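None of the values given here were measured: they were computed from a predicted structure.
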Amino acid sequence: MTRSILERILLFAVPFLLYGAYLLLLRLRPPVNRPVTPWTWLTIAGLSLVALSFLVVGFLEGEPITGLYVAPHVVNGKIVPGYVAPAPEKTK
């Protein structure tokens, strides 16, 4: 869980890091017109990357959609979370 949160934070920070690198490159040249920091666009880009990562994880690592859903139930006093069991093979 911690790894997943750290990955999302890193994805959110990528546009800010790229913009910081861009500003560092601007320091190599004499200052002409320093651009205003586009906080809104950086935030939108970061949130878009996080949303895209949710879609990628959902499509690539999600539970299989074929099979038999087993609802959460109690076994020996412990709650067993719901899961998708492989579909039983059809016999002829």
Asker: Flag yes if more than 12 heavy atoms outside L24 fall under 6.0 Å of its CG atom; otherwise flag no.
Answerer: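 For L24, atom CG is crowded (more than 12 foreign heavy atoms under 6.0 Å).
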Asker: How close do F12 and F16 get, counting heavy atoms only, and between which atoms?
Answerer: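 What the structure gives for the nearest pair is O-CD1, 3.5 Å.
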Asker: How long is the span from the CG atom in L10 to the CD1 atom in I5, to the nearest 0.5 Å?
Answerer: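 Between atom CG of L10 and atom CD1 of I5 there are 14.0 Å.
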Asker: Mind listing the closest non-hydrogen atom pair of S53 and L11 along with its distance?
Answerer: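 That closest heavy-atom pairing would be CB-CD1, 3.3 Å.
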Asker: Is there a path from Y22 to W39 through hydrophobic residues (I, L, V, M, F, W, Y) whose side chains come within less than 4.5 Å of each other?
Answerer: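 Y22 and W39: one cluster.
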Asker: If you define the side chain from C-beta out and look only at heavy atoms, does anything of L23 sit under 4.5 Å from Y19?
Answerer: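 Side-chain contact under 4.5 Å: yes.
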Asker: Any side-chain heavy-atom pair from V80 and P72 closer than 4.5 angstrom?
Answerer: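 The answer is no; the side chains never approach within 4.5 Å.
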Asker: From L47 CG over to L52 CG, what is the distance, rounded to the nearest 0.5 angstrom?
Answerer: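 The CG atom of L52 is 12.5 Å from CG of L47, to the nearest 0.5 Å.
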Asker: What pairs meet the side-chain hydrogen bond (donor to acceptor under 3.5 Å, both in side chains) rule with one or both residues in residues 67-80, with sequence neighbours excluded?
Answerer: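 Not a single pair qualifies under side-chain hydrogen bond (donor to acceptor under 3.5 Å, both in side chains).
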Asker: Nearest 0.5 angstrom please: F59 CZ to L55 CG, how far?
Answerer: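 Going from the CZ atom of F59 to the CG atom of L55 covers 6.0 Å.
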Asker: Drop me the distance from Y83's OH to L68's CG, to the nearest 0.5 angstrom.
Answerer: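 Taking OH in Y83 and CG in L68, the distance rounds to 8.5 Å.
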Asker: Test V57 against R8 for side chain to side chain contact (heavy atoms under 4.5 Å, CB included), laying out the working first.
Answerer: CA-CA 11 Å; V57 168; R8 299 310 183 276; 3.5 Å; yes
Asker: Can you name the nearest heavy-atom pair linking V70 to A85, along with the distance?
Answerer: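 Shortest heavy-atom separation between V70 and A85 comes out as CG2-CB, 4.2 Å.
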Asker: Taking all heavy atoms of L49 and all of P15, pick out the closest pair and write down the distance.
Answerer: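 Here L49 and P15 meet closest at CD1-CD, 3.9 Å.
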